Amino acid sequence: MDRAEQMRRWFATVVDTDVRYRIELHEDDGSVNGFTVEHLELEPPVRLAFTLTHHSQTPEDGVSDEKVVVTLRAIDPDRTEVTLVSGPR
């Protein structure tokens, strides 16, 4: 199963075949924080991995290009344990 099909199964009924997208957050002070996200792994319903690049930061700001891995584990029908690991790509 390709990434676009995995995204359709996990997130929505329609997904563009490009698994990269850009997000812009417009802050109250007029600044814009731009991010590019690229999905690397999609294993519904247990694992999601993606890279996150923050375009406004510099290397001096800390991590501006990172990999994020989210793992989900059902504890019981009403509870899910979420583990999030984030660090340099």
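Quick caveat: nothing in here was measured; it's all calculated off a predicted structure.
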Would you say CG of Asp28 has more than 12 non-hydrogen atoms from neighbouring residues, nucleotides or ligands within 6.0 angstrom?
no
If hydrophobic clusters are built from ILVMFWY residues whose side chains come within less than 4.5 Å, do [X] and [Y] share one?
X: Val68; Y: Val82; result: yes
X: Val37; Y: Leu84; result: yes
X: Phe50; Y: Leu42; result: yes
X: Val69; Y: Leu48; result: no

Out of curiosity, Arg73 CZ to Arg79 CZ, how far, rounded to the nearest 0.5 Å?
9.0 Å
Nearest 0.5 Å please: distance from the CG atom of Leu52 over to the NZ atom of Lys67.
13.5 Å
